[in-house]
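Take a look at the structure below.
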Amino acid sequence: MSQGLSELMSNERYEHRICGAHHNTVQRLRLALKLSSLEIDGQAMLVKVAQLLNDSRAGLAVGTALGKVYWQLIEGTEDVILFFIVDIVDIDTKQITFVRRDLPNMESLFKHIYKADLSNGVDLSNGV
């Protein structure tokens, strides 16, 4: 299922919050884009998200503020979706977290995933 950022933000099923992305996550995303390995890295990052959220169903997308989606794994049944808007400046790279409104632990899920470090031990010293 293809879900663009505007569709997710207008979806009444989810509440969303925006924060700056964790520095290590930004570096990993940039490295994956540079090496054209976003699908592999995205899958690994999604596993990390599931671990952080005690195996809640999660989705992940990476794109730009102008609407281009580089990669996504969103089926439409997720409890939590992370959408990263990548920018050339670290502070402008955003993590938008979507959590289903009907979950009793919605606030807890937001807290667990705030500024998530999804680098997962990847060597980020290759320079990006």
Side-chain angles (χ1 to χ4, degrees):
M1 175 179 193
S2 179
Q3 291 265 326
L5 182 56
S6 60
E7 291 89 0
L8 282 169
M9 293 190 84
S10 63
N11 188 330
E12 289 295 320
R13 187 173 172 214
Y14 292 101
E15 181 169 327
H16 68 275
R17 298 191 186 160
I18 302 171
C19 65
H22 190 283
H23 175 75
N24 291 344
T25 300
V26 173
Q27 295 308 310
R28 181 170 186 178
L29 290 169
R30 286 211 184 107
L31 184 60
L33 287 166
K34 180 179 176 182
L35 300 176
S36 299
S37 65
L38 197 50
E39 185 165 342
I40 294 167
D41 280 82
Q43 293 279 355
M45 292 170 81
L46 195 53
V47 168
K48 178 69 174 178
V49 170
Q51 290 170 349
L52 288 170
L53 298 175
N54 297 320
D55 295 320
S56 292
R57 292 172 295 167
L60 187 88
V62 179
T64 69
L66 298 177
K68 180 177 180 175
V69 177
Y70 294 119
W71 181 86
Q72 70 174 326
L73 186 56
I74 300 173
E75 296 175 358
T77 60
E78 293 81 8
D79 298 325
V80 177
I81 298 171
L82 295 185
F83 199 113
F84 290 96
I85 298 177
V86 181
D87 192 272
I88 57 171
V89 180
D90 279 8
I91 198 165
D92 289 337
T93 296
K94 302 299 181 200
Q95 171 186 315
I96 305 176
T97 305
F98 297 87
V99 178
R100 278 193 14 232
R101 293 177 187 269
D102 62 344
L103 296 175
N105 61 339
M106 183 180 74
E107 285 302 321
S108 173
L109 291 171
F110 273 121
K111 288 178 184 174
H112 274 87
I113 206 68
Y114 178 77
K115 282 192 177 269
D117 181 356
L118 304 180
S119 62
N120 211 21
V122 172
D123 179 9
L124 301 171
S125 62
N126 298 28
V128 276

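Every heavy atom of this structure was used, including side-chain atoms; hydrogens, water molecules and symmetry mates were not. Small disclaimer: the values here were computed from a predicted structure and weren't measured. The first residue of the sequence shown is numbered 1, and numbering continues consecutively from there.
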How about [X] and [Y]: do any of their side-chain heavy atoms sit closer than 4.5 Å?
| X | Y | value |
| --- | --- | --- |
| Gln95 | Leu82 | yes |
| Tyr14 | Met9 | no |
| Thr25 | Thr93 | no |

Shortest non-hydrogen contact from [X] to [Y]?
| X | Y | result |
| --- | --- | --- |
| Phe83 | Leu8 | CD1-CD1, 3.9 Å |
| Leu60 | Gly42 | CD2-O, 3.6 Å |
| Glu78 | Leu73 | OE2-O, 4.2 Å |

Does Ser37 offer a backbone N or O that forms a donor-acceptor pair with the side chain of Glu39 under 3.5 Å?
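No: the side chain of Glu39 does not pair with the backbone of Ser37.
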Could you check whether any side-chain N or O of Arg30 sits under 3.5 Å from a backbone N or O of Asp87, counting only pairs where one atom can act as donor and the other as acceptor?
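Pair found, side chain donor or acceptor close to backbone of Asp87.
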Other residues, nucleotides and ligands only: do more than 12 of their heavy atoms fall within 6.0 Å of CG on Leu103?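 Yes, CG of Leu103 has more than 12 neighbouring heavy atoms, counting only those of other groups under 6.0 Å.
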Q.
Tell me whether His112 at atom NE2 has more than 12 heavy atoms from other residues, nucleotides or ligands lying less than 6.0 Å away.
A.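 Counting other residues, nucleotides and ligands, NE2 of His112 stays at 12 neighbours or fewer.
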Q) Roughly how far apart are Ile74 CD1 and Ile81 CD1, rounded to 0.5 Å? A)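 Rounded to the nearest 0.5 Å, the CD1-CD1 separation comes out at 4.5 Å.
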Practice task
Sequence neighbours left out, what passes salt bridge (Lys or Arg N to Asp or Glu O under 4.0 Å) with Glu107? Give chain and number order.
Solution key: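 Residues passing salt bridge (Lys or Arg N to Asp or Glu O under 4.0 Å) with Glu107: Arg17.
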